[in-house]
Structures are given as structure tokens and as C-alpha cells.
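These notes concern the structure reproduced below.
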Amino acid sequence: EDQVTQSPEALRLQEGESSSLNCSYTVSGLRGLFWYRQDPGKGPEFLFTLYSAGEEKEKERLKATLTKKESFLHITAPKPEDSATYLCAVPAGNNRKLIWGLGTSLAVNP
Amino acid sequence: DTEVTQTPKHLVMGMTNKKSLKCEQHMGHRAMYWYKQKAKKPPELMFVYSYEKLSINESVPSRFSPECPNSSLLNLHLHALQPEDSALYLCASSQDFLASVWNEQFFGPGTRLTVL
């Protein structure tokens with residue numbers, strides 16, 4: 001069964017304290033992995049698309065990496081404005097839907 | 001410009017009302033989506049339009065009626081909703097839906113719907 005699992009569920013960091021969020025997936029024939037950021041009461045904001053193992057993408061303090069089983073979202077020297085829920089999603093193996101993880105709620109304290 | 005707009009931002013309606021949610025994108029995308037999101041849950045797919053034709057209906061109750069008047073606009077007509085339909089309704093668009101390569105979806109800010 002296609003599945004996406006994100007860990008941890010919640011993460012609290014001090015400003016400047018780097019860390020990583022994990023998204024592990026089981027899906028037949030990966031056709032992409034998407035990272036989003038979502039602020040409370042707002043729509044998800046697209047961050048990255050990764051298509052193949054070994055691929056890496058960066059944007060400001062965020063770096064996303066992909067292996068054959070999981071993706072990491074590395075946050076370097078986070079700031080309070082990085083506080084949000086981070087969601088990952090992968091296309092299902094046998095239909096045209098995205099399978100979403102439950103997200104990691106990140107809080108960065110000043 | 002990667003903007004998807006949605007109106008209204010907030011909507012409160014009674015169970016006998018009829019209302020509509022509107023979504024617009026000007027990115028030339030040919031796929032548009034409606035999602036429903038409850039608190040602390042990921043978005044849940046409701047409908048997909050591809051090239052202005054309904055491609056997916058995720059067994060959504062008929063009190064939700066989607067409409068795609070043209071490639072830039074997407075509506076969701078609401079009638080006789082239940083309190084459990086209260087949620088954040090999200091519109092999204094992507095370059096294509098049927099391509100072999102999956103394209104990222106861009107989301108609007110959402111409409112917060114409350115059904116009394």
C-alpha cells in the first residue's frame with residue numbers, strides 16, 4: 001500500500017539551531033516528491049520537487065534531498081519566520097492522486 | 001507569477017443556503033483541483049479538472065458541485081451543506097494532469113467555510 005510518513009510530528013528549535021525533517025515513502029515507481037510549507041489557516045506553499053534519488057535542491061535556509069526510500073528537508077540556522085507545518089507528498093503508484101504525509105509542525109523560538 | 005486566487009476568504013452559511021467558491025489562475029495551467037482540509041490534517045482531494053473536463057470526482061457528496069467555465073476559472077457550488085463540511089477549501093492548479101511527469105501543484109490561500 002502506498003504510504004508517506006513524516007517525522008517528527010512536531011519539532012521545536014532555537015533560532016540558529018539546524019535540524020532535519022524526514023519524509024519516508026513506500027510507493028511503486030516514484031514519479032516525484034513534493035515539499036510544501038503551510039502556515040496556519042493558509043494554503044500550502046510549494047517549496048521543492050525532487051524526481052530521482054540523489055537529487056538535491058536548495059532555497060535560502062532549506063535544502064531538500066532524496067534517496068530511494070526517503071527525503072530530508074534540512075533547515076540551516078532557522079529563524080522564527082520558518083515556523084510552519086512542512087508537508088511532503090508523492091504521487092500514488094496506481095492512480096492520479098497525491099499521497100500526503102501528516103506533516104511536521106516546526107516552531108523556531110527567538 | 002505563481003499565484004492562485006480564491007474568493008471569498010471566509011464564508012459562513014446555514015444548512016439551507018446556496019453559495020459558491022471561486023478560484024482563478026493566470027499561469028496557463030491546464031489542471032485545476034479542489035481540496036478540503038480539516039485542522040491538523042493534510043489536504044484531501046475532491047475534484048480534478050483537466051483541460052476544462054472533470055477527470056476525478058473522489059466520491060464527493062452531490063451537495064458539492066464543481067464547475068470549470070474556462071481554463072482559468074474554477075467554481076465550487078455549495079448547497080444544503082452539513083456542519084461537518086466546515087473546513088478550509090483549497091484550490092490548486094498545475095501545468096498538466098495527464099502528463100507522464102508529475103508537475104507541482106500551486107495552491108491558493110483557501111476559503112475558510114463555516115456551516116451553521
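For the numbers below, each heavy atom of this structure counts, side chains included, while hydrogens, waters and symmetry mates do not. Order of the sequence lines fixes the chain letters, A, B, ..., with proteins taken first and strands second; residue numbering starts at 1 for each chain.
- A distance of 6.0 Å or more separates the ring centres of B:Tyr35 and B:Phe47.
- Residue contact with chain A, scored on non-hydrogen atoms closer than 4.5 Å, is absent for B:Glu44.
- Proximity to chain A (any heavy atom under 4.5 Å) is shown, for B:Gln105, by both the backbone and the side chain.
- Contact annotation for B:Tyr33: neither backbone nor side-chain heavy atoms come within less than 4.5 Å of a heavy atom of chain A.
- For a residue to count as touching a neighbouring chain, one of its non-hydrogen atoms must lie under 4.5 Å from one of that chain's; by this rule A:Glu45 does not touch chain B.
- B:Lys36 is not listed as a side-chain neighbour of B:Pro43, based on a closest heavy-atom distance of 4.5 Å or more.
- Per-residue heavy-atom pair counts under 4.5 Å with chain B were compared for A:Gly43, A:Gly101, A:Pro44, and the maximum is reached by A:Pro44.
- Ring pair B:Trp34/B:Tyr49: centre-to-centre distance not below 6.0 Å.
- A cation-pi arrangement, defined by a distance under 6.0 Å to the six-membered ring centre and an angle within 45 degrees of its axis, is present between A:Arg96 and B:Phe97.
- Of all the listed residues (A:Leu98, A:Leu87, A:Thr85, A:Leu102), the one sharing the greatest number of non-hydrogen pairs under 4.5 Å with chain B is A:Leu98.
- Side-chain polar atoms of B:Ser94 and B:His29 form no donor-acceptor pair below 3.5 angstrom.
- Neither the backbone nor the side chain of A:Phe48 comes within less than 4.5 Å of any heavy atom in chain B.
- A tilted orientation is assigned to the rings of B:Trp102 and A:Phe34, their planes being inclined by 30° to 60°.
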